[in-house]
Amino acid sequence: MSTVAPSETPPRATTSHARELNRWWVVKLAVMALLNAGLLYAAYSALMVQEWAILGFTAVLLVVVNWVYVSRRMVPAKYLLPGIVFLLVYQVFTMGYTAYIAFTNYGSENTIRKDQAIEQILRTGDVRVEGAADLPLAVVRDEAGDLGFAVVVDGVVQAGTAEEPLEPVGGATVGGNGAPEEVPGWTVLNLGQILEVQSEVTALRVPFSDDPADGWVRTQTGSVGFQSSPRYSYDEATDTFTDLTTDIVYTPNDRGFFAAPDGSRLTPGWPVTVGFENFQRMLTDSRISSALLQAGAWTFAFASLSVATTFFLGLFLAMTFNHPGVRGRKVIRSLLILPYAFPGFLAALVWRGMLNNPYGFINSTILGGADIPWLTEEWLARFSIIAVNLWLGFPYMFLIATGALQAVPGDVYEAARLDGASAFRQFRSITLPLLMISVAPLLIASFAFNFNNFNLIYFVTEGGPNIPGHPLALGETDILISVVYKVAVVAGTKQYGLAAAMSIVIFLIVGLVSWLGFRQTRKLEEVL
């Protein structure tokens, strides 16, 4: 019996397997290093902005990821963990945060924490220092592209941005007008460039130091600066602001603002809990309730008509091209699903251009220069929305109806024909009931999708034609989700708390409709 000496070369297969294991470990270590680097960066970012909840979640996730993927026994968790993390981040957190926002006055004036609001009031509330000398000034940009000022203070050129206080710049030169001309590390803007960002320049405040009490440099001309000092003084002990020019005292109120006795207030504020106030406003504020009723009626009509039109057109085409006597069925079926393969938002934009009056292809070419306001008249705009959605949606219904029809046994139709059933009777008593068993859940899902089909409304009509003078900038084709968008983004005062409350109501409506629909589907299965 022969043995292999220890000094002999191992078999080639064993060496190849070892190399593959080594490569696998290298890849695994590289992936783990990237994951740890990303999580550590996220934790560091959360620490810098003092978001303790995010920091805690990231720290726990960092430990769990390393524990799961280093351990040899946690095999199922290796596959489940990514899905669980995405579920928590994109579903659970989103829904929970939306619910939280719905019970606050979170909006354009109440978006930051109280301590951040105090700092913002101290930084933005200022008055020009009387008797202070003008400062020769140049508008500059740093290497990151941020705007700043370069000024001459006591013969020394100093530069800074809104986030970085003024610091002396070595090697800077001063022009004939006394203003900085060349500032190493900074780009000096000329007059034309200053005019392009004039509003940003006049609003810019560059601090003298990290202490807000030292004031800022501001400018109205872009060439001469002036010193401004804080207008308000904050007393941490009493939690009040005092206007140094009028001696008016501002105290925090229950709406998240520092307010004076006469009702005037300082902005920005901070979010506070308001209970069910946002939900109550939807019922008691006539401007909001009327908008929701109008948009809600059109939303139900739009979603129902979209599902009905796309389904019956798709079913008709599926039955037509499922007949064995039709030639070229494969080619025709391929052509019919082309709209489904086309990106929906891009198709909506193309249709918007085609329906334009008077330069759109439909009016100018197909209808010979007709003057039809497809997108600017109330009912025509609604018809156009449903027609465009029909073009986008029927291929999906065509596909599912084709699959469902091919699953119906042929002998059922043969028996019906022997009994003398007409084609319509076969469709009503055999095809449609059997089809609905498998298609009904998909129709419910399609209704839910169209109920919140924001992209189609926004890209085709943007909710228009607008209702003149409506406080929420509401349009005739706005559905509920686009009303939420306008409340949160388009309206003059952004009302994120109210928009979140509306989102919860929409969620409950869709959930109720889906639940009722699935109940009816189960009843249909029991009957058949």
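Treat the numbers as computed from the prediction; the structure is a model and nothing was measured.
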Worked verdict on W351 versus L349 for side-chain contact (heavy atoms from CB on, under 4.5 Å): CA-CA 5 Å; W351 274 102; L349 290 174; over 6 Å; no
For the residue pair F276 and F103, does the interplanar ring angle fall in the parallel (under 30°), tilted (30 to 60°) or perpendicular (over 60°) class? perpendicular
How about OH on Y44, more than 12 heavy atoms from neighbouring residues, nucleotides or ligands closer than 6.0 Å, or not? no
Side chain to side chain donor-acceptor pair (under 3.5 Å) between D115 and W270, worked out: CA-CA 9 Å; D115 59 325; W270 60 94; over 6 Å; no
Taking side chain to side chain donor-acceptor pair (under 3.5 Å) as the test, write out the residues that go with D285, two or more places apart. R287
Closest approach of W216 and L122, non-hydrogen atoms and distance? CH2-O, 2.8 Å
So Y97 and F93, would you call those rings parallel, tilted or perpendicular, with 30° and 60° as cut-offs? parallel
Short side-chain donor-acceptor distance under 3.5 Å, T104 and T273: no
Are more than 12 heavy atoms, taken from residues, nucleotides or ligands other than E378, located less than 6.0 Å from that residue's CD atom? yes
Please round to the nearest 0.5 Å and tell me the distance separating atom CD of E476 and atom OG1 of T376. 11.5 Å
Taking atom CH2 of W52 as the centre, report whether more than 12 heavy atoms of other residues, nucleotides or ligands fall under 6.0 Å from it. yes
Atom pair OH/CG of Y250 and D239 - distance to nearest 0.5 Å: 15.5 Å
Straight-line distance of F311 CZ to F398 CZ, nearest 0.5 Å: 13.5 Å
Residue among L315, T309, L317 satisfying side chain to side chain contact (heavy atoms under 4.5 Å, CB included) with L313: L317
I506 versus F451: any side-chain heavy-atom pair under 4.5 Å? yes
Could you go through R128 and Q220, starting from their C-alpha distance and side-chain angles, then the distance that decides it, and tell me whether this counts as side chain to side chain donor-acceptor pair (under 3.5 Å)? CA-CA 12 Å; R128 183 167 183 166; Q220 296 296 328; over 6 Å; no
For the residue pair W374 and N357, establish whether any side-chain heavy-atom pair is separated by less than 4.5 Å. no
A quick test of your reading: do over 12 heavy atoms of other residues, nucleotides or ligands sit less than 6.0 Å from OH of Y69? yes
With side chains defined as the heavy atoms from C-beta onward, is the minimum distance between R141 and V197 less than 4.5 Å? yes
How far apart are the closest heavy atoms of S438 and A404, and which atoms are they? OG-CB, 3.7 Å
Taking the six-membered ring for Trp, are Y232 and F241 parallel (under 30°), tilted (30 to 60°) or perpendicular (over 60°)? perpendicular
Can you measure from CG (L293) to CE (M282) and round to the nearest 0.5 angstrom? 11.5 Å
Other residues, nucleotides and ligands only: do more than 12 of their heavy atoms fall within 6.0 Å of OH on Y340? no
Is any side-chain heavy atom of E119 closer than 4.5 Å to a side-chain heavy atom of R113? no
Smallest heavy-atom separation, S290 atom then S286 atom, equals OG-O, 2.7 Å
Minimum heavy-atom distance between S482 and I457, given as atom pair plus value: OG-CG2, 4.3 Å
Taking atom OH of Y41 as the centre, does the number of heavy atoms from other residues, nucleotides or ligands within less than 6.0 Å exceed 12? no
Does the side chain of S209 come under 3.5 Å of the side chain of D211 through a donor N or O and an acceptor N or O? no
What are the two closest non-hydrogen atoms of P441 and M436, and how far apart are they? CD-O, 4.4 Å
Quick one: OG1 on T299 to CG on N452, what's the gap to the nearest 0.5 Å? 8.5 Å
Working note: S306 + N389, criterion side chain to side chain donor-acceptor pair (under 3.5 Å); need CA distance, chi angles, decisive distance, verdict. CA-CA 7 Å; S306 295; N389 207 29; 2.9 Å; yes
Would N36 and N66 count as a side chain to side chain donor-acceptor pair (under 3.5 Å) here? Give the steps. CA-CA 8 Å; N36 280 277; N66 283 277; 2.8 Å; yes
Other residues, nucleotides and ligands only: do more than 12 of their heavy atoms fall within 6.0 Å of OH on Y458? no
Within the structure provided, determine whether N466 and L474 are in side-chain contact (heavy-atom separation under 4.5 Å). no
Side-chain contact test, heavy atoms from C-beta onward, threshold under 4.5 Å: evaluate it for Q198 versus L195 and give yes or no. yes
Indicate the atoms forming the closest heavy-atom contact of L392 with P395, along with that distance. O-CD, 3.6 Å
Looking at Q193, I'd like to know if its CD atom is crowded, meaning that more than 12 non-hydrogen atoms belonging to other residues, nucleotides or ligands lie closer than 6.0 Å. yes
Residues R265, E109: salt bridge by 4.0 Å N-O rule: yes
Within this structure, what is the CD-CG distance for the pair E200 and D146, rounded to the nearest 0.5 Å? 10.5 Å
Do V274 and N278 make a side-chain contact, defined as non-hydrogen atoms from C-beta onward lying under 4.5 Å apart? yes
